[in-house]
Amino acid sequence: MAQEKQVVLLPDYLTVRELADMIGASPIEVMKRLIANGIMASINQQVDFDTAAIVVEELGFEAHSASAVAVEEEKQKAVEAQTWRRKYAEERPESLQRRPPIVTILGHVDHGKTTLLDTIRKSSVAAGEAGGITQHIGAYRVLHNGNWLTFLDTPGHEAFTAMRARGAQGADIAILVVAADDGVMPTTREALNHAQAANVPVVVAITKIDKRNANVENVKKELSDIGLTPDEWGGDTLVVPVSAQQGTGLDDLLEAILLTAEDKEIVANPKGEPSGITIEAEMSPHQGTMATLLVLNGTLKRGDIVIAGHTYGRVKAMFDEKGKKLEEAGPSVPVRVLGLSEPPQPGETFETVKNDKTARLIAEERKAVTAQRLARPERSFTLEDVFAQFESGKAKELAIILKVDVQGSLQPIVDGLNNISGDNKDGITIRILSADVGNISENDVNLASASGAIIIGFSVSEDNAAHRTADSMGVEIRHYNIIYKLFEDVELALQGMLEPVFEDKNIGTAEVRQIFKIPRIGTIAGSYVREGELRRNAKVRVKRGGRMIAENLSVSSLKREKDDVREVRSGFECGISLNNFDAFIVGDMMEFYVSERVN
Ligand code: GDP
């Protein structure tokens, strides 16, 4: 076996003497080698990397560029640090400090989410915090009794879950808004499911208590029914009645959030590597990209090089929510940032890297990965692989989002699934993230993607947007019409015995019109595509007079005119040759088919 060469890391420039020292050769030896390569250099003269590399390799070493290695290492580090949570997890416990909680507002439409956010924002301005009108930048901060809180300014669980689907937790605490005159509604329950799926604690704000038909006690009862028993009734949910319109109860609400935050480890290292999430971003005609970033770890400074998804750039200027210029922003501080090449997507995580070159390389790499994923999305989690994931220690539970046609089928299926979970001795538990009546929506898919869940539909369909998103995110949707079949599949999956089902699907048919026998190449069937599309990587069966004479054949060549092609569409002629079959006669039909997963 060839011995591995010793690697020498060379800087971009170095003197002949330094080069000689690095490889343990005499400077004279190095100078001789240089002269042999047409380069006259004295002992203290600098040579560049390419020149040094020639000498190093001639002397039996392997030359690597030290700066390329540094870039590679940094790139690796940044690619690995996919989410801020990992970065924070890498911090030493003693360097962690408490940071302000990040709060999101969820709840049913028209229950007063936006009004509540506006009132809290205005009250902080009225309190005289540094003056100025607060701009809408997607997040803002409030000071309450000496404690900062950060509010995400886009209410609703859609935004919250879309952010999680991109890999960012997004919020530490959720305010679940319920209007005192309307009570718990379907979206209230859905929002609660989303918060619970994210393990985000909930504080309830009963809003609109100024209204004449407000019934706070009734809302508390309804809350208890969905598992949110108020603390005054012996439960552990803080429930605060407020009127955003009259400004009552807001202090109590902020207090309740801070209390809830105390129980949670909401920490960061202000001196760590800066990272966080994108809240929103836009292209401004005068200034270029303006992005609101929320710092979650470290301290972001002007001049840092930021990379967020596919976009990157040097922070040229930073502003707070009041338009004031900032030099730096620590944990839980939202800042508007100028200087990124393009607007990043909301929810995209960001981090900083040492130089432009690294940022560009990472961005390019991510673009390539995304393009690949779009071309062939990997399923993030499937029912078949739950057992394998469990065995490899990656999963302890099977998370399910259940959608059914009628209320009557909901409880029996939930009970059945819970029984399977209880009976299962292997230790995989079933966690039902949400169980509702209705067709499968894009929102369900986002929740599944964010939570590593699968979607089970019982006698329902999925809308187009849900189908598209599931395809691109690789979320598994399984449909059932028979209850016992649903239970059977889940049971088999937990035992690692569920096999995927594949079915052959015809994609195109070609008719053989002429036979060419070519020496050394073989038989080529000059064919006409009657319908569909022929693909080079598909399987083929040959039929004669309606009877199949060969199947499971692979294509050895597919040509249009003289060119090798990957596909040929209907209405075109082409030349086809197959592996292990050449007995064509004119009039044969070739069916091209692919194997597709059906469940
Ligand atoms: P969202 O859809 O949850 O964001 O709800 P909005 O904040 O847009 O509020 C819906 C409606 O309720 C608006 O007409 C608000 O003026 C009204 N509203 C919100 N909060 C209160 C409140 O505390 N008291 C009263 N009386 N009306 C409110």
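Read the numbers this way: they start at 1 and go in the same order the structure lists the ligands and their atoms. Keep in mind it's a predicted model, so treat the numbers as computed, not measured.
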Open item on the list: Are there over 12 heavy-atom neighbours, none belonging to R98, within less than 6.0 Å of that residue's CZ?
Closed with: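 More than 12 heavy atoms, drawn from other residues, nucleotides or ligands, come within 6.0 Å of this atom.
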- [ ] Can you sort out the partners of K220 under salt bridge (charged side-chain N to carboxylate O under 4.0 Å, His left out), two or more places apart, ordered by chain and number?
- [x]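 Testing K220 for salt bridge (charged side-chain N to carboxylate O under 4.0 Å, His left out), a comparison that skips the adjacent residues, returns E217, E232.
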- [ ] Please list, chain by chain and in numerical order, all residues satisfying salt bridge (charged side-chain N to carboxylate O under 4.0 Å, His left out) with K264, sequence neighbours excluded.
- [x]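 Applying salt bridge (charged side-chain N to carboxylate O under 4.0 Å, His left out) to K264 gives none.
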Task: Pair E364-H310, side-chain donor/acceptor within less than 3.5 Å - done: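 No, because no side-chain N or O of E364 sits under 3.5 Å from a partner of the opposite role on H310.
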Task: For ligand 1, the residues whose heavy atoms come within less than 4.0 Å (ordered by chain, then number) - done: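 Its neighbours under 4.0 Å (heavy atoms only) are H108, V109, D110, H111, G112, K113, T114, T115, K208, D210, K211, S243, A244, Q245, given by chain and number.
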Task: ring pair (Phe, Tyr, Trp, His ring centres under 6.0 Å) involving H108 - partner list, sequence neighbours excluded - done: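 Here the qualifying residues are H111.
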Task: Main-chain N/O of G183 paired with E222 side-chain donor or acceptor, under 3.5 Å - done: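 Pair absent, no side-chain N/O of E222 close to backbone of G183.
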